[in-house]
Each structure stands twice: as C-alpha cells, then as structure tokens.
**Q** 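Here it is, the structure, as structure tokens.
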Amino acid sequence: MSIDALAATLRETLRPDQVLTDRQQLRTYECDGLAHYRVIPGVVVFPRTADECAAVVRACAATGVPFVARGSGTGLSGGALPHADGALIVTSQLRSIIEVAPEDERAVVEPGVINLQVSRAANPHGYYYAPDPSSQQICSIGGNVAENSGGAHCLKYGFTTNHVTGVQIVTPDGDLVRLGGRAPDVPGYDLLGAFVGSEGTLGIATEVTVRLVRLPETVRTLLAAFPGTDQAGAATSAIIAAGVVPAAVEMMDALAIEAAEAAVRCGYPGGAGAVLIVELDGPQAEVEAQFAAVEDFCRQHGAFEIRIAADDAERALFWKGRKSAFAAVGRISPDYIVQDGVIPRTALPQVLTRIGEIAAEHGIRVANVFHAGDGNLHPLVLFDETVTGQAERAEAVSGAILDICVQHGGSITGEHGVGIDKAKHLPRMYSEDDLDTMQLVRCAFDPRGLANPGKVFPTPRLCGEVPGRRKGAHPLQEAGVAEVF
Ligand SMILES: Cc1cc2nc3c(=O)[nH]c(=O)nc-3n(C[C@H](O)[C@H](O)[C@H](O)COP(=O)(O)OP(=O)(O)OC[C@H]3O[C@@H](n4cnc5c(N)ncnc54)[C@H](O)[C@@H]3O)c2cc1C
C-alpha cells in the first residue's frame, strides 16, 4: 500500500489535522537537531492517545510501512530523521502529566511531556525529576527515554535509565504492553532496561513512570577559572578522589568561554583557559563542609579566581553560559559539529591534548564543553562550509576524536545516541558478533524491521538470519528505502 493509501486509512479514524501530507507542512519535520541530514517524511501523524498511537502503528504494520517516532526533534544524532516512504509519529499531543505521586516518589507522564514540566509539577510537593539535559526546556520525556539522556546532574543522580521504573509501549506490531511498573524492580529479563536507550527501534513509549527525587535542603555552586584544561581536569579528579560526589562538574575551555560570552554575556572571568562549574547539593552541614574542600582543591590545582554564587540569580548566570554553549558556538563559527564521546575521567588531560594536536594538524578549531565529572566530552568542531575542503577536514577531526575516545577505553557516544549519524562508527567499538547479538534483540521486538529502520546499526540485516549469515540484503535495503552504510 502506498503512503497515500495509508494516509487515507488514518484519516478515516483521526481528525484531518492529525494527518499531514502537504509537502510544505511535511518539510517542518525533515530533520531533528542534526540538520545536515534531511528527509521529507511520507506522512506525519499526531496521535492524541496511546490507543490512537497503537492504531497508527497497526496500520503501518498491516501495510508494511516503516515508522519513526518523534518527540521534540532536539536529538543530535539524527534518530528522528524521517523515512521518505514512512510515517513520522509525533508525540507532541501526548502531553498529559497523568499523576504526581510524592508518597511513592513517582510521576506518570505521557511521552510528549517536556522534561522541565515534570519538575515543575513535582516541585510544589518538594520533589523534582533529576535527569536534566541542557535541552530540558524543549525535549520530551519520550525522547529522553529513547536516548537514555543525561545531563549535568547525572554525575550524582544517574542517567534516564536510573529514573524510569516503567513504560507502556506500542510494539512494532501495534500492541500496547507494559514493561516494568511502579515498583523499583521486576523479575525476569530486564526488557525495560533494553527499551530505555533503544532510540525508537523497539517501539514507541506512550506512558512513562519516572522516579521523583526530593529537592535538596541546600545547593551551592562555584565557578573556578584555571589557566588551562589540564589544571581544571586535575582539580576534578582530586575532588572526586577525595570522596566528594558533586551534583555536577562541568568544564568549558577558552574557545567555548569565548562563544558563551559572545552569545549570552555570562561574565566568566577574563583570561581563563578553562572554567569549572562545581555544584554540591544535599544536607546543609554536609554541603558546607564539602564545599570548603572543593574550593581548596581548585586552588591547589591552579584556580586563579573562584566565584561563589550568592543567590539563585547568580547561580543561573553561571549555568546560562554552560547551557547555551552549543548554540553559542554559532557566534564564532558559521558551521560546527557537536561531537559526543566518553572517556575515563583520568584520561582527560591526554585526550584533550591529542584532540588539540589533531585539530591543529587539520587546521580546524575545536571548542570543548563537557561533563567533566563523568568524562562525557562534547567537542564542538568548527568549520565554514563555504571554504573548500573545510567540512571534510572537520568530519575527519570529528571521526578521529571518536577513535581517541575508544583508544582510551571510552565510547563513541555518551548521551546523544547513535541514530543515523553514528551507526557507521559502531564497529569502532563492537565486533560483528556483538552487533549480531544486539540485532537479535531488535528482531525479537521487530522482526520486520519497521521501527526506525536504518538507525543505530551499521547495516540493516535480515531478522531471522543466524548470526554469521550476512549475505542477504534487508528487504528495505533492496527497496531502496533504508539507508545503507
Ligand atoms: C541545545 C541542545 C542541548 C542538548 N543537551 C543534551 C544533554 O545535555 N544531554 C543529552 O542527553 N542530550 C542533549 N541533547 C540532545 C537531545 O535533546 C536529547 O537526545 C533528547 O532526549 C531528545 O528528545 P526529543 O524529544 O527532542 O527527541 P527526538 O529528537 O524527537 O527523538 C530522539 C529519538 O527518540 C526517539 N523517540 C522519540 N520519542 C519516542 C517515544 N515516545 N518512544 C520511542 N522512541 C521515541 C526518536 O525516534 C529518536 O530516535 C541536546 C540537544 C540540543 C539541541
């Protein structure tokens, strides 16, 4: 059945404004936060309930049409890139906060709910939702679940996977099923764990039960300026080695500071080669004692200026520079790649030095912004597409950075996911047997490969094949509708 026929079927049960086929309107959804991949979807659908979402997926399954889930479209790995002959299922109308249950420390929300709204709903009860991606004012909980998103405060509190206790999902066949629940653990295989971080390849989350965390008694934040990243990295290691677990430790290098200043005038100390933002939270007495130790460690490792946030406004200003850093880089470079890799924290000095060397060899500038506490790097590779060869050199630097991360025992992605962008990089970390084993999990949920095809894995393989037999092309590949790497 063609996309037109699928759209006609969907219009029989949904309102006209829930099914878009006008090409101009479809263009709005042609990319996510990674705008250099663009595909106009075949049809865009806005279910308003879980049942409607299931009905849409059932219609796709009945007609063999692939589908891609989309939350707010802020993903940075092309995970929500549409399929030209497929349905893009957007969760923006699934926006109810179904329940806030402080007595159970849980909230139950629909997938299109914006991350920050969960905390806003929980705050009056003395609670909040801890995972805080820098995009938290716009990204959806469904997208967070699919990407296992992190954020500045995940150093102490853990990633999305540590805060989701249950989901209701639509399987790729269109069935509504529940994984996990309200209780912290369920017997049997951890299918919830498999779903969180599966990037829309195992089905669509239609309801999410999250943990709520008590608001801390006190929060204290400092900004320390260092001559360079080596000293700031050494201070980070010293703080954590001393047994202090800050809520967040974030680092920005000189180029990232320059960009943030140009964009949001955050007033970071002049002449800094690196700044650290360190935040402690918890019981007042403990925070006070540890805060003094953190200041000492920063000074011992070369901090030449330390500012302590006097109030919430100043604290917000410290964070404003950091949280706007990705977009701010647009002020100092017409184009840039946001890279995302992980290394063991102790490897920071060697890795940053090596990144600097590779950038210099290629004549490319790299600004570094990262979650220093857990070694999650976000090198921003700057280039100008109008200069011949610069985009290619930036791409080469970006790929080399991932090699450096893997060589140091790290990973090709910390929190932005694999999506379409990094599928080709997975073999840098995994053998073919590893990938085949993961593919078996995908095939158990989605034997026909209809859920977000072409994403995450380097080559769409035929489900049902025994590992080792990789010759047959995937039907979607043969039909030319799945991207092949
Ligand atoms: C300025 C900026 C800062 C960012 N900072 C961070 C950060 O600090 N930490 C971080 O981790 N990420 C960060 N991101 C990346 C991005 O915001 C996260 O990956 C976020 O979780 C994506 O949510 P979304 O709603 O926009 O999802 P989308 O981009 O719409 O989709 C992302 C993936 O999730 C799938 N998906 C969406 N909804 C569902 C659902 N209901 N069920 C199943 N699959 C679904 C999609 O198919 C896709 O594969 C940042 C992005 C930007 C633009």
Side-chain angles (χ1 to χ4, degrees), residues 29 31-35 41 47 50 53 57 66-83 86-95 109-116 131-155 159-161 164 167-172 179 195-208 248 250 263 319 322-330 336 338 340 342 369-371 374 376 378 380 413-423 445-446 451-456:
Y29 300 92
C31 67
D32 61 7
L34 192 62
C53 190
V57 173
F67 64 89
V68 177
R70 177 179 164 117
S72 302
T74 65
L76 292 172
S77 55
L81 185 76
H83 194 291
L88 188 72
I89 302 177
V90 184
T91 61
S92 58
Q93 295 193 20
L94 289 160
R95 276 217 179 164
V109 304
E110 289 190 322
V113 168
I114 301 304
N115 173 299
L116 201 54
D132 60 339
S134 300
S135 52
Q136 70 180 148
Q137 299 197 4
I138 41 172
C139 64
S140 73
I141 290 292
N144 294 176
V145 170
E147 298 287 2
N148 186 20
S149 293
H153 293 82
C154 292
L155 169 63
F159 282 67
T160 301
T161 192
V164 173
V167 285
Q168 180 193 55
I169 67 164
V170 178
T171 68
L179 308 176
F195 188 84
V196 178
S198 61
E199 303 191 26
T201 61
L202 304 184
I204 302 183
T206 46
E207 189 186 289
V208 185
E250 298 286 301
W319 279 111
R322 165 62 187 91
K323 296 230 170 185
S324 61
F326 290 178
V329 165
Y336 58 95
V338 179
D340 167 45
V342 182
V369 179
F370 48 95
H371 307 305
D374 45 25
N376 185 186
H378 290 311
L380 303 160
T413 169
E415 55 186 17
H416 295 170
V418 176
I420 195 138
D421 193 44
K422 290 199 168 165
F445 279 78
D446 183 23
N452 217 358
K455 310 290 172 60
V456 183

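As the structure lists them, so they are numbered: ligands from 1, and atoms in each ligand from 1. When a residue number appears, it is its place in the shown sequence, counting from 1.
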**Q** Would Thr413 and Asp340 count as a side-chain hydrogen bond (donor to acceptor under 3.5 Å, both in side chains) here? Give the steps.
**A** CA-CA 5 Å; Thr413 169; Asp340 167 45; 2.6 Å; yes

**Q** Going by salt bridge (charged side-chain N to carboxylate O under 4.0 Å, His left out), name the residues that satisfy it together with Lys422, two or more places apart in sequence or in a different chain.
**A**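 Counting only residues at least two positions away or on another chain, Lys422 forms no salt bridge (charged side-chain N to carboxylate O under 4.0 Å, His left out).
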
**Q** Taking Asp421 for its side chain and Gly78 for its backbone only, find out whether a donor-acceptor pair lies under 3.5 Å.
**A**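 Such a contact is absent between Asp421 side chain and Gly78 backbone.
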
**Q** Heavy atoms under 4.0 Å from ligand 1: which residues qualify?
**A**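 Only Ala69, Arg70, Gly71, Ser72, Gly73, Thr74, Gly75, Leu76, Gly79, Ala80, Thr91, Pro111, Pro133, Ser134, Ser135, Cys139, Ser140, Gly142, Gly143, Asn144, Ala146, Glu147, Ser149, Gly150, Glu199, Gly200, Gly203, Ile204, Ala205, Phe326, Glu415, His416, Asn452 have heavy atoms that fall under 4.0 Å of ligand 1, ordered by chain and number.
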
**Q** For residues 133-142, run the donor-acceptor check on the side chains, cut-off 3.5 Å, and write out each pair with its distance to 0.1 Å, sequence neighbours left out.
**A**
{"residue": "Gln136", "atom": "NE2", "partner": "Asn115", "partner atom": "OD1", "Å": "3.2"}
{"residue": "Ser140", "atom": "OG", "partner": "Gly143", "partner atom": "N", "Å": "3.0"}

**Q** So, using ring pair (Phe, Tyr, Trp, His ring centres under 6.0 Å) as the criterion, who are the partners of His378 when residues are at least two apart?
**A**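 Once residues adjacent in sequence are excluded, the partners of His378 under the ring pair (Phe, Tyr, Trp, His ring centres under 6.0 Å) criterion are Phe326, His371, His416.
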
**Q** Ignoring hydrogens and geometry, is there a side-chain-to-backbone donor-acceptor pair from Asp446 to Gly203 under 3.5 Å?
**A** no

